[in-house]
Visitor: 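A single structure is presented below for examination.
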Amino acid sequence: EVEGQVLMISKSLADMVDGIMTSESAAIDMLAQRDAIIEAVKEVNAGGSAQKVSFLQKELAKLQKITGSRHDFIFIAGKNGIVFTDSVNGETKGMDISGRDYFKKAIEGHASCDSVVMSKKTNEPICPIAFPIKDENNQTIGVIAGIMKVSFLATKVKEIKLGKTGYAYLADKEGTVIVYPPDPKQ
């Protein structure tokens with residue numbers, strides 16, 4: 001009976017995390033398809049003026065007020081992997097993310113939301129949710145990413161107790177534990 005309960009709770013936890021990731025991914029994917037974002041990326045890639053980028057930064061800042069509890073920030077990078085605007089008043093502008101696996105996957109035209117890395121900005125664990133930005137010819141021209149705080153997921157996972165002494169933890173696809181109570185007696 002206990003084993004069945006543990007399996008049921010594990011399945012519920014997996015479903016909860018999957019639901020969160022699906023919802024957050026859908027939001028970033030929708031942003032990647034907005035005309036204002038596509039036009040700003042084209043402008044940056046062409047070396048043009050920053051008029052559209054300035055507008056976009058203001059719009060992303062508005063989103064940050066809504067997503068701040070879940071996301072550290074949202075950013076957009078051109079084909080070269082250099083961040084040109086973000087939701088935190090340009091704090092990450094100029095950051096080179098071209099070497100990050102999530103950028104490489106997204107710039108190749110594929111969504112990426114399956115890794116946990118250490119943030120270059122905060123040195124905290126994050127889960128980047130990255131999507132390609134494509135032009136009218138379906139060519140990838142840039143990347144948008146929402147940098148989800150692992151602490152957001154941790155809060156949800158740490159609420160789950162298994163009996164009197166058990167607790168839940170979260171592992172990434174390689175099996176590395178990324179969320180666990182620091183003291184099992186919590």
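Note that this is a predicted model, so its numbers are computed, not measured. Start at 1 with the first residue, then count along the sequence.
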Visitor: Quick one: does any side-chain atom of Q64 pair with a main-chain N or O of D72 as donor and acceptor, under 3.5 Å?
Guide: yes
Visitor: Can you find a pair of side-chain heavy atoms, one from V83 and one from I76, that are under 4.5 Å apart?
Guide: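 No. Closest side-chain heavy atoms not under 4.5 Å.
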Visitor: Under a 3.5 Å distance rule, please check whether D135 uses its side chain to pair with a backbone N or O of N137 as donor and acceptor.
Guide: yes
Visitor: Is any side-chain heavy atom of I38 less than 4.5 Å from a side-chain heavy atom of I141?
Guide: yes
Visitor: Could you give the distance from CD1 (I144) to CD1 (I129), rounded to the nearest 0.5 Å?
Guide: 11.5 Å
Visitor: Which heavy atom of S112 sits nearest a heavy atom of K105, and at what distance?
Guide: CB-CD, 3.7 Å
Visitor: Check this for me, if you would: do K149 and E124 make a salt bridge, where the nitrogen-to-carboxylate-oxygen distance has to be below 4.0 angstrom?
Guide: no
Visitor: Any chance you could measure Q57, atom CD, to F75, atom CZ, to the nearest 0.5 Å?
Guide: 13.5 Å
Visitor: Using a 3.5 Å distance criterion without hydrogens, assess whether the side chain of D86 forms a donor-acceptor pair with backbone atoms of T92.
Guide: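 It does hold such a pair.
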Visitor: Is it true that, when you exclude K79 itself, more than 12 heavy atoms of the residues, nucleotides or ligands shown sit nearer than 6.0 Å to its NZ?
Guide: no
Visitor: From N80 CG over to F103 CZ, what is the distance, rounded to the nearest 0.5 angstrom?
Guide: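 It is 7.0 Å, given to the nearest 0.5 Å.
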Visitor: Looking at E39 and R34, is there a salt bridge between them, counting it only when a charged N and a carboxylate O are closer than 4.0 Å?
Guide: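 So R34 does not pair with E39 through a salt bridge.
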Visitor: Hey, are K62 and E59 close enough for a salt bridge, meaning a charged N less than 4.0 Å from a carboxylate O?
Guide: yes
Visitor: Measuring only between side-chain heavy atoms, which start at C-beta, is F73 closer than 4.5 Å to T67?
Guide: no
Visitor: Can you list, pair by pair, the side-chain donor-acceptor contacts under 3.5 Å of residues 12-19, counting residues two or more places apart and other chains?
Guide:
{"unit_1": "S12", "atom_1": "OG", "unit_2": "M8", "atom_2": "O", "d": "3.1"}
{"unit_1": "D15", "atom_1": "OD1", "unit_2": "K11", "atom_2": "NZ", "d": "2.9"}
{"unit_1": "D15", "atom_1": "OD2", "unit_2": "K11", "atom_2": "NZ", "d": "3.1"}

Visitor: Find out whether R100 and V117 are in side-chain contact, i.e. whether some heavy atom of one side chain is under 4.5 Å from a heavy atom of the other.
Guide: yes
Visitor: Are S25 and F131 side-chain neighbours, meaning at least one heavy-atom pair lies under 4.5 Å?
Guide: yes
Visitor: Are the side chains of K52 and K42 in touch, meaning some heavy atoms are under 4.5 Å apart?
Guide: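 Side-chain contact under 4.5 Å: no.
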Visitor: Does S87 use its side chain to pair, donor to acceptor, with the backbone of I74 at less than 3.5 Å?
Guide: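 Here the side-chain-to-backbone pair exists.
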